[in-house]
Amino acid sequence: MTNRLHATIADINFEGILANASGVHCQTKEELAELLASPYVATAVTKSSTKEVRTGNPKPSYYEFEQGSINSMGLPNNGFDYYLDYVSQDHSQKPVILSVASLSMTEGIELLKRVQDSDFQGITEFNLSCPNVVGKPQVAYDFETTHQILTEVFKFFKKPLGVKLPPYFDFAHFDQMADILNQFPLSHINSVNSIGNGLYVDVETEASVIKPKKGFGGLGGAMILPTALANVRAFRERLNPDIKIIGTGGVTSGEEVFAHILCGADLVSVGTELQRQGIGLFEKLQHELLMIMNEKGYQSIDEFKGQLKTM
Ligand code: SIN
């Protein structure tokens, strides 16, 4: 692994900048171990965990099409204890990020108290943005509730904590959310989760393609790249520099990894394309990124991170 690609979040060093997007190849300890074993993966993010084991929504709950994917997985996961146990083990010096879902304020706070009381010293990511649990809105679209939850959490949480955000589509919302986030000692944001509640229609069968929620689900993959980049950029311009950014969304090649970093991402995570191609994808992404850097004469990502030019 070359140190041309590195990042630091909450004083934790990452050798490399690539990760899985939570939800892909991270539900079991074996999958997480496979990610960490890749020399091209800087960190593994666990599947967002809930207090109880969840089987998730009825299948089919994931569908790929040319421009991307649609999913309504419904947070299938092996339960919080399973992931806390895994991240608390030693992983040969590679950081592991523990993703915790917030199905209710009470549950989220209970789980984060257990992280605080545990031996785990790494980064926790609080998922405020799952669009797929029936009856549970995406918390981070409710600014008042987000502020309230973070206020409660930071009364007791002293370890590194970031949040996984949904995409925003309006400058007023970038401003409002950044104002809230800047009030807290967050390690990072992870931006973006899927674009919630899209609908893919198969014209031949005249039907939707996933079973839950009558076909509505979160959109990912190539088609969400401009939205992902806009969110990374908008938040990089608004957040305190100490709040780092994991850019997620729309990565299929080294070119999109480069674009995420140019917009201000510190780490870049990959969902749909990882699901499509498997772990071998990371070697290709790193190779392509380094080729672009070589062509442009950049020795390190620090030379272009956040340096997007505008007209
Ligand atoms: C899911 O399990 O439904 C996806 C997780 C997420 O979007 O946060």
Side-chain angles (χ1 to χ4, degrees), residues 19-28 31-32 35 44-64 68-80 82-83 97-105 107-108 111-112 123-142 145-146 149 161-168 177 188-200 208-221 223-224 227-228 231 246-251 269-276:
N20 65 303
S22 174
V24 181
H25 211 93
C26 60
Q27 192 168 335
T28 67
E31 289 175 322
L32 288 160
L35 282 170
V45 188
T46 71
K47 175 66 187 171
S48 293
S49 54
T50 51
K51 187 174 165 183
E52 309 296 343
V53 175
R54 286 175 61 89
T55 52
N57 291 338
K59 291 185 172 55
S61 52
Y62 180 85
Y63 182 86
E64 277 172 12
S69 66
I70 183 166
N71 89 83
S72 183
M73 306 299 289
L75 291 173
N77 76 94
N78 295 342
F80 172 79
Y82 178 93
Y83 300 101
I97 298 178
L98 172 65
S99 176
V100 173
S102 168
L103 286 186
S104 73
M105 183 145 140
E107 178 175 330
L111 298 184
L112 291 177
I123 297 170
T124 302
E125 188 171 283
F126 198 21
N127 182 353
L128 300 177
S129 51
C130 178
N132 302 329
V133 181
V134 176
K136 303 277 183 193
Q138 287 163 275
V139 176
Y141 282 143
D142 179 338
T145 302
T146 300
I149 291 182
L161 182 72
V163 285
K164 177 91 178 254
L165 296 175
Y168 298 95
M177 185 45 76
H188 72 281
I189 63 163
N190 189 328
S191 178
V192 296
N193 206 327
S194 59
I195 300 183
N197 298 306
L199 182 64
Y200 186 85
S208 54
V209 293
I210 55 173
K211 186 166 181 186
K213 295 174 70 177
K214 296 184 176 172
F216 285 72
L219 305 175
M223 67 186 161
I224 79 161
T227 296
N231 277 261
I246 303 179
T248 306
V251 170
S269 78
V270 191
T272 299
E273 199 63 20
L274 174 59
Q275 178 70 32
R276 268 195 227 267

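First listed ligand is number 1; within each ligand, the first listed atom is number 1. When a residue number appears, it is its place in the shown sequence, counting from 1.
Residue Val133 does not touch ligand 1, judged by heavy-atom distances below 4.0 Å.
Counting protein heavy atoms only, atom 7 (O) of ligand 1 is closest to Asn193 OD1, 3.0 Å.
Which parts of ligand 1 touch Asn132 is read off a 4.0 Å heavy-atom cut-off, strictly below it: atoms 1 (C), 3 (O), 4 (C). Residue Pro76 approaches ligand 1 through these ligand atoms, each under 4.0 Å from one of its heavy atoms: 2 (O). Atoms of ligand 1 found under 4.0 Å from any heavy atom of Lys47 (numbered from 1 in listed order, with element): 1 (C), 2 (O), 4 (C), 5 (C). Under a 4.0 Å criterion applied to the non-hydrogen atoms of Pro131, ligand 1 contributes the atoms 7 (O).
Within the 4.5 Å cutoff, side-chain heavy atoms of Ile210 are placed close to those of Ser72.
Paired with Asn57 under the rule side-chain contact (heavy atoms from CB on, under 4.5 Å), one option of Asn71, Asn132, Val133 passes, and it is Asn132. Paired with Val45 under the rule side-chain contact (heavy atoms from CB on, under 4.5 Å), one option of Ile97, Ile246, Ile123 passes, and it is Ile97.
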side-chain contact (heavy atoms from CB on, under 4.5 Å) between Thr50 and Leu75, worked out: CA-CA 8 Å; Thr50 51; Leu75 291 173; 4.3 Å; yes
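The main-chain N or O of Val163 is never found under 3.5 Å from a side-chain atom of Asn190 such that the two would form a donor-acceptor pair. Within the 3.5 Å criterion, the main-chain N or O of Asn78 finds a donor-acceptor partner in the side chain of Tyr83.
Between Asn127 and ligand 1, at least one N/O pair is under 3.5 Å apart.
Assignment of Gly218 to the shell around ligand 1 is not supported, since no heavy atom sits closer than 4.0 Å.
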